[in-house]
Amino acid sequence: MIEPSPRAALDAVPSYVPGRPPGTAGNGPAYKMSSNENPFPPLPSVLATATEAVGTMNRYPDMFSVELTERIAAARQVPVEDVVVGTGSSGVLSQTLNAMCDPGDEVVYAWRSFEAYPIMVALTGARSVQVPLTPDGRHDLRAMADAVTDQTEVILVCSPNNPTGPAVRALELEEFLGWVPPDVLVVIDEAYTEFGTDPAAAEALAAYRRHQNVMVLRTFSKAYGLAGLRVGYAVAHPHIAMALRKAAVPFGVSHVAQRAALASLDAYPELLTRVDAVVAERERLLCALRQDGWAIPDTQANFVWLPLAEQTNSFAEEATRAGISVRPFPDEGVRVTVDCPEANDIFLDVARRFRRGGATS
Ligand SMILES: *Cc1c(COP(=O)(O)O)cnc(C)c1O
């Protein structure tokens, strides 16, 4: 049969079969600890602003999110020209790769890392060059620099790394940037940076200030709790920022998202107490799990990584039975989002029983 044929590049992209997400039908797990979301409901002030903004849904939003862009530039102390707001930082990353990559180009990143990376790279026709993490779940920056060839257009650095947790350190990042050719764009994805407590961790904005080939991705989805509204941004040097704007879907960031992000910046001190609560729970989990003998890598994010290898799926099933959903990566491990204390206690309990063998007997 003769029919329209999609690009061969799509063969490498996993097929999505439409269906209800888990938990929307019947009685699924009570706690969703699988998507690294903020467990707190929206702040009343943010909810009120967003609700009011819905009232103009017959109008297109401000295409370039001018007010939000200015507010972010002021908050981060960077030029307005360098800020590009988009539909979540994954949206901005997709713009970045579309703006930078031709078929045959290479994009280097650590693996395992954010699942969206291989999909977005494949869609541009570029080739993914995946550099294995170190045994403790960290980026192997020496090996990543060594993987650069004449075809390399972009390097993605995920710090803290999703799903393992460690952040890249300032000194190692600076050394790495000295190895990378100046015509290779280094994208530092800081989706979880607000949860970081390690003073030695790299600050991507400091690296962007020192290096013309560095850009930073930030999101309102995690610490700011706006995952459902799709808003994030890049801080990039002007000619890259301009290219990102050209690669945007017009009017992608809704008026509701823009107003809610502005309200969230206003409410940041209040949001920070929630971030602190998540961090305190993370430390409690880490401490308890390590005491029980689990080898958990350092985490500077709102999740912990259990390197369960071939026991991954049985752990995930056990968690579901106990009323929590976690994120399994078959044969590698399970990523568990820090939630409220009650949910975290259920998780600890599952982990304890599993270690004692109670789960598999
Ligand atoms: C969650 C996440 C993002 C943010 O995605 P949004 O599109 O902003 O919701 C980006 N990078 C990583 C590594 C993430 O885990």
Side-chain angles (χ1 to χ4, degrees), residues 14 16-17 19-41 111-116 133 135-137 158 160-166 191-192 195 221-223 225 227-228 274-275 277-361:
Y16 168 73
V17 182
R20 280 172 192 279
T24 56
N27 32 12
Y31 295 104
K32 185 177 169 208
M33 303 170 82
S34 52
S35 297
N36 295 344
E37 294 150 334
N38 196 314
F40 293 95
W111 198 252
R112 175 160 293 271
S113 191
F114 189 31
E115 297 148 273
L133 296 168
D136 51 354
C158 189
N161 188 52
N162 175 6
T164 52
Y192 302 96
F195 300 103
S221 295
K222 309 286 163 54
R274 294 169 158 203
V275 168
V278 169
V279 169
E281 277 297 287
R282 174 187 78 199
E283 296 306 310
R284 179 173 80 88
L285 283 177
L286 263 187
C287 203
L289 290 164
R290 284 176 175 161
Q291 254 170 26
D292 289 349
W294 288 94
I296 311 281
D298 176 40
T299 173
Q300 297 295 313
N302 65 342
F303 53 80
V304 296
W305 172 250
L306 272 54
L308 280 148
E310 68 283 350
Q311 290 184 300
T312 294
N313 285 347
S314 57
F315 185 96
E317 285 158 20
E318 199 56 37
T320 306
R321 271 193 287 278
I324 58 175
S325 66
V326 298
R327 179 68 174 84
F329 297 87
D331 295 324
E332 293 180 62
V334 163
R335 188 194 68 202
V336 185
T337 308
V338 178
D339 204 293
C340 61
E342 302 76 53
N344 298 335
D345 282 340
I346 297 174
F347 163 51
L348 272 183
D349 192 51
V350 171
R352 281 207 176 113
R353 278 190 287 123
F354 199 86
R355 258 201 99 70
R356 283 202 304 262
T360 45
S361 64

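Any value given below was found using the heavy atoms of this structure, including those in side chains, with hydrogens, waters and symmetry copies removed.
Summarising the geometry of Asn313 relative to Pro330, their closest heavy-atom pair is OD1-CG, 4.0 Å, with the distance given to 0.1 Å.
Judged as a ring pair (Phe, Tyr, Trp, His ring centres under 6.0 Å), and not counting sequence neighbours, Phe347 has no contacts. With sequence neighbours excluded, the residues forming a side chain to side chain contact (heavy atoms under 4.5 Å, CB included) with Asp331 are Glu310, listed by chain and number. Take Pro341 and apply the side chain to side chain contact (heavy atoms under 4.5 Å, CB included) test, not counting sequence neighbours, and it matches Glu281, Arg284. For Phe195, the ring pair (Phe, Tyr, Trp, His ring centres under 6.0 Å) test picks out no residue, with sequence neighbours left out. In terms of the side chain to side chain contact (heavy atoms under 4.5 Å, CB included) criterion, residue partners of Ala277 (sequence neighbours excluded) are, by chain and number, Phe40. Listed by chain and number, the residues in a side chain to side chain contact (heavy atoms under 4.5 Å, CB included) with Thr164 are Leu133, Asn161, Pro166, Trp305 (sequence neighbours excluded).
In this structure, Trp294 and Leu308 have side chains that are in contact, with non-hydrogen atoms separated by less than 4.5 Å.
Side chain of Thr337 to backbone of Met33: a donor-acceptor contact under 3.5 angstrom is found. Proximity of a side-chain donor or acceptor of Arg282 to a complementary backbone N or O of Ala301 within less than 3.5 Å is detected. Checked by atom type and distance alone, the side chain of Asn302 never pairs as donor or acceptor with a backbone atom of Val338 at under 3.5 Å. Of the possible donor and acceptor atoms, none in the side chain of Asp339 sits under 3.5 Å from a partner among the backbone N and O of Asn344.
For the atom pair CD1 (Ile324) and CD1 (Ile346), the distance works out to 6.5 Å, reported to the nearest 0.5 Å. In this structure, Arg335 CZ and Arg112 CZ are separated by 9.5 Å, a value rounded to the nearest 0.5 Å.
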